[in-house]
Amino acid sequence: MSSVKRCRPTSTRGLPALLIGALILTGGSATAAQQDTLHELAAAQDTLHELAEAQGKYFGSATDNPELPDAAYSAILGSEFGQITPGNSMKWDTTEPVQGQFNFAKGDVITEFAAQHGQTVRGHTLVWHSQLPGWVGALPPAQVEAAMTRHVTEEATHYRGAVTAWDVVNEPFNEDGTFRTSPFYTAMGRDYIATALRAARAADPDAELYLNDYNIEGLGAKSDAMYALVRELLDEGVPLDGVGMQAHLAVQYGFPYQMRANMQRFADLGLDVAVTELDVRMQLPADTAKTATQSSYYRQVVEACLAVERCVGLTVWDYTDKYSWVPSAFPGQGAANLYDENLLPKPAYSAVRTALGGEDDGGEGGEPGVLKAQYRSNDSSARDNQIKPGLQLVNTGSATVSLSDVKVRYWFTSENGASAYSTWCDWSPIGCSTVTHRVVAAGVPKTGADHYLEVGFRSGSLAPGASTGEIQLRLNKADWSNFDESDDYSHGSGTSYADASKIVVYVGGEQAWGIEP
Ligand code: 9MR
């Protein structure tokens, strides 16, 4: 892959709100400092969605209303992903808990988030046997069709223009390929599926209409049943645009059999295919082997989708272990997502990037994100006249990294706009004489971050698995006035070394670790 980064001057998705605000205030023409920052941002690595988009696909994530107030979570959700699916808030028990009483407030929060972040929304789901309010099952069978049609019509009408694709019917099959029993199947037999699809098309002629299920990713009895059904529906002229393959995978169950061939046979019927709920769980605790298998499964799913033209995109079933459905549904299992519980990208994230054609770190066969930063505070007071970060870098990749290519940024605020600083390296096992340090003012100040301590290296290298060991750093203002570190972006109060996502590491000028302020 080329190391030349694409510049995206027409899109502001992914740019910090403050910078966009500054550009609006200056009538859209950036000052020199802003241009520097823009340049830095343009040089930052492409998002998963941008990588997928370059291949004609989208890359999305499920989300859920209770997660959105988590600012660090929603910042990644809003920037890294081009599509979102509500995990729960468009389901029947939320949208029509009482017959005829519709409530779209929670789903509206999701579509508004998407609109604010330039994302598309997959509607999930109109007709499903689960998360179905009790009143539906209590209806006399003769009334179920009218209730279902009304539900589909009301919800699809409400979300016209906001939802681009609907999982109209979710999980219609048992594992052996027989139809699953539900109030809908009991009342209408398999015709409920055609009826629901027709109602959805009538309510929103522009939305793509899907059937969605799990364990249909590979060839097998269940996917054969879906294949037979969709062929019949198409023959009957029922409106249907695609098949969603959930892809809730597990390292202990193996990779779906011939996923690409299975996708292709649906595509050959003239249907789109989407990976709708991807995650790869494992029995805890995670270890190197399970983590490697997980990365390989994520990679293979992406590769299958890329190989099939009609595979329109992939959605992960939330992107972080912090908000995974897995531990509560499968006790003892977890670690299924691309980011860990601290919102740090995992090896699977790198595997997905690489599979999407993302650039590596420029090293010999290395993957992006090969270095991680660890931090502890060496400071007993957050309100004195010195900041004392302890940093160390660990090579998590498979290639040696030349330290002279590495820069680390620790972001803080000056409090009084000071411009002159002294910086010190007090001790490091790699020798302070090899460590460079200086304070740089941000081109555009951000919350908790108007300056950064930049740490570099004159020489040396880090072998795979090696750590620099701690680097004890210290800085003060020239006027020795006090800091208030409590609101500093990179500051933490931990006194032992831990992975630090708010310390940003660059290798060869490209971001390799952390989240910029
Ligand atoms: O992620 C959803 C979780 O929060 C709910 O508790 C669960 C209840 O069934 O549904 C989860 O989402 C499911 C999706 O709607 C359909 N496919 C399986 C998903 C995981 O259970």
Notebook entry, point to check: Stepwise, does the side-chain contact (heavy atoms from CB on, under 4.5 Å) test hold for Leu453 with Val455?
Noted result: CA-CA 6 Å; Leu453 170 64; Val455 178; 4.1 Å; yes
Margin query: Taking side chain to side chain contact (heavy atoms under 4.5 Å, CB included) as the criterion, tell me which of Val251, Val326, Asn337 meets it with Arg281.
Written below: Val326
Check: Are there more than 12 heavy atoms of other residues, nucleotides or ligands under 6.0 Å from atom CZ of Arg474?
Finding: yes
Notebook entry, point to check: Taking Lys290 for the side chain and Gln283 for the main chain, is one N or O donor matched with an acceptor at less than 3.5 Å?
Noted result: yes
Next item on the list: Answer yes or no: is there an ion pair linking Lys346 with Asp340, defined by an N-O contact shorter than 4.0 Å?
Entry: no
Note to self: Quick one, Gln119 with Gln83, criterion side chain to side chain donor-acceptor pair (under 3.5 Å). Give me CA distance, side-chain angles, the key distance, then yes/no.
What the structure shows: CA-CA 5 Å; Gln119 297 166 314; Gln83 176 273 330; over 6 Å; no
Checklist line | Glu303 atom CD: more than 12 heavy-atom contacts under 6.0 Å | finding: yes
Note to self: Are the side chains of Leu473 and Ile387 in contact, using a 4.5 Å heavy-atom criterion?
What the structure shows: no
Note to self: Treating Ser490 as the side-chain partner and Trp411 as the backbone partner, does any N or O pair qualify as donor plus acceptor under 3.5 Å?
What the structure shows: yes
Notebook entry, point to check: Is there side-chain contact between Thr111 and Met90, with heavy atoms separated by less than 4.5 Å?
Noted result: yes
Next item on the list: Over all heavy atoms of both residues, which pair between Ser295 and Ala351 is shortest? Give the atoms and the distance, please.
Entry: O-CB, 3.6 Å
Note to self: Any side-chain to backbone donor/acceptor pair from Asn342 onto Leu344? Under 3.5 Å, distance only.
What the structure shows: no
Margin query: Can you pull out every salt bridge (charged side-chain N to carboxylate O under 4.0 Å, His left out) where at least one residue sits in residues 64-74? Sequence neighbours excluded, please.
Written below: Asp70-Lys322
Next item on the list: Please identify each residue that fulfils side chain to side chain contact (heavy atoms under 4.5 Å, CB included) with Ala52, with sequence neighbours left out.
Entry: Lys57, Phe59, Leu356
Margin query: Is there a side-chain contact between Leu462 and Val406 in this structure, where contact means two heavy atoms from C-beta onward sitting under 4.5 Å apart?
Written below: no
Next item on the list: To the nearest 0.5 Å, tell me how far Leu48 CG sits from Asp46 CG.
Entry: 10.0 Å
Next item on the list: Please check if the side chain of Thr164 supplies one atom and the backbone of Val121 the other of a donor-acceptor pair under 3.5 Å.
Entry: yes
Item checked: Heavy-atom pair with the smallest gap, counting every atom of Gly465 and Val394 -> O-CG1, 4.4 Å
Check: side-chain hydrogen bond (donor to acceptor under 3.5 Å, both in side chains) with Gln264: which residues, sequence neighbours excluded?
Finding: Asp268
Margin query: Could you check whether any side-chain N or O of Ser296 sits under 3.5 Å from a backbone N or O of Ala292, counting only pairs where one atom can act as donor and the other as acceptor?
Written below: no
Notebook entry, point to check: Run the side chain to side chain donor-acceptor pair (under 3.5 Å) check on Thr434 and Ser459 step by step: do they pass?
Noted result: CA-CA 6 Å; Thr434 195; Ser459 60; 3.2 Å; yes
Next item on the list: Search all heavy atoms of Cys425 against all heavy atoms of Ile471 and return the closest pair with its distance.
Entry: SG-CG2, 4.1 Å
Next item on the list: Could you tell me the separation between the OH atom of Tyr421 and the CZ atom of Arg438, rounded to the nearest 0.5 Å?
Entry: 14.0 Å
Item checked: Cationic N near anionic O, under 4.0 Å, Arg376 to Glu470 -> yes
Margin query: Could you measure the distance from the OG atom of Ser61 to the OH atom of Tyr323? Nearest 0.5 Å is fine.
Written below: 12.0 Å
Check: Measuring from Asp499:CG to Gln374:CD, what's the distance to the nearest 0.5 Å?
Finding: 5.0 Å
Item checked: Side-chain heavy atoms of Asp405 within contact of Ser402, under 4.5 Å -> yes
Item checked: Sub-4.5 Å side-chain heavy-atom contact between Val308 and Arg260 -> yes
Check: Hey, are the side chains of Met263 and Val275 touching, using non-hydrogen atoms and a 4.5 Å cut-off?
Finding: yes
Next item on the list: In sequence, state the C-alpha distance, the side-chain angles, and the governing distance for Met282 and Phe330, and then conclude on side-chain contact (heavy atoms from CB on, under 4.5 Å).
Entry: CA-CA 10 Å; Met282 63 182 69; Phe330 299 96; over 6 Å; no
Checklist line | Exceeds 12 heavy-atom contacts within 6.0 angstrom, atom NZ of Lys106 | finding: no
Note to self: Tell me if a side-chain donor or acceptor on Thr436 pairs with a main-chain N or O of Gly456 at a distance below 3.5 Å.
What the structure shows: yes
Checklist line | Nearest atoms (heavy-atom pairs only) where Gly244 meets Thr276 | finding: CA-CG2, 3.7 Å
Next item on the list: Work out which heavy atom in Trp325 is nearest to a heavy atom in Asp279; give both atom names and the distance.
Entry: NE1-OD2, 2.7 Å
Check: Hey, are the side chains of Ile503 and Arg409 touching, using non-hydrogen atoms and a 4.5 Å cut-off?
Finding: no
Notebook entry, point to check: Of the non-hydrogen atoms in Leu371 and Trp513, which two are nearest, and what is the gap between them?
Noted result: O-CB, 3.3 Å
Note to self: Between Arg458 (side chain only) and Ser433 (backbone N and O only), is there a donor and an acceptor less than 3.5 Å apart?
What the structure shows: yes
Check: Does any N or O in the side chain of Asp450 come within less than 3.5 Å of the main-chain N or O of Ser414, such that one atom is a donor and the other an acceptor?
Finding: yes
Margin query: Using the rule ring pair (Phe, Tyr, Trp, His ring centres under 6.0 Å), only one of Tyr339, Phe113, Phe81, Tyr319 pairs with Tyr73; which is it?
Written below: Tyr319
Item checked: Cation-pi, Tyr210 ring and Arg122 (6.0 angstrom, 45 degrees) -> yes
Next item on the list: Tell me, with the steps shown, if Leu249 and Val301 meet side-chain contact (heavy atoms from CB on, under 4.5 Å).
Entry: CA-CA 10 Å; Leu249 309 184; Val301 174; 3.8 Å; yes
Note to self: With rounding to the nearest 0.5 angstrom, report the CD1 to OG distance, Ile515 to Ser79.
What the structure shows: 8.5 Å
Check: Can any side-chain N or O of Asn262 pair as donor or acceptor with the backbone N or O of Ile216 at less than 3.5 Å?
Finding: yes
Notebook entry, point to check: Would you say the side-chain atoms of Ser481 and Asn416 include a donor-acceptor pair closer than 3.5 Å?
Noted result: yes
Check: Have Tyr349 and Glu80 got a donor and an acceptor in their side chains that come within less than 3.5 Å?
Finding: yes
Check: Side-chain donor-acceptor pair under 3.5 Å between Glu415 and Thr413, yes or no?
Finding: yes
Note to self: Please tell me whether Gln246 and Glu217 have a donor and an acceptor in their side chains that are separated by less than 3.5 angstrom.
What the structure shows: no
Item checked: Evaluation steps, side chain to side chain donor-acceptor pair (under 3.5 Å), between Gln472 and Asn378 -> CA-CA 8 Å; Gln472 293 181 5; Asn378 287 325; 5.1 Å; no
Margin query: Under a 3.5 Å cutoff, is there a donor and acceptor pairing between the side chains of Tyr159 and Asp108?
Written below: yes
Check: Looking only at atom types and distance, does a side-chain atom of Thr423 sit under 3.5 Å from a main-chain N or O of Leu475, one as donor and one as acceptor?
Finding: no
Next item on the list: Scan side-chain atoms only and decide if Asp379 and Gln386 contain a donor-acceptor pair under the 3.5 Å cut-off.
Entry: no
Item checked: Euclidean distance, Asp318 CG relative to Thr63 OG1, rounded to 0.5 Å -> 5.0 Å
Note to self: Taking the side chain as everything from C-beta on, heavy atoms only, tell me whether Asn88 gets closer than 4.5 Å to Gln131.
What the structure shows: yes
Notebook entry, point to check: Is Glu516 salt-bridged to Lys502, going by a charged N under 4.0 Å from an acidic O?
Noted result: no
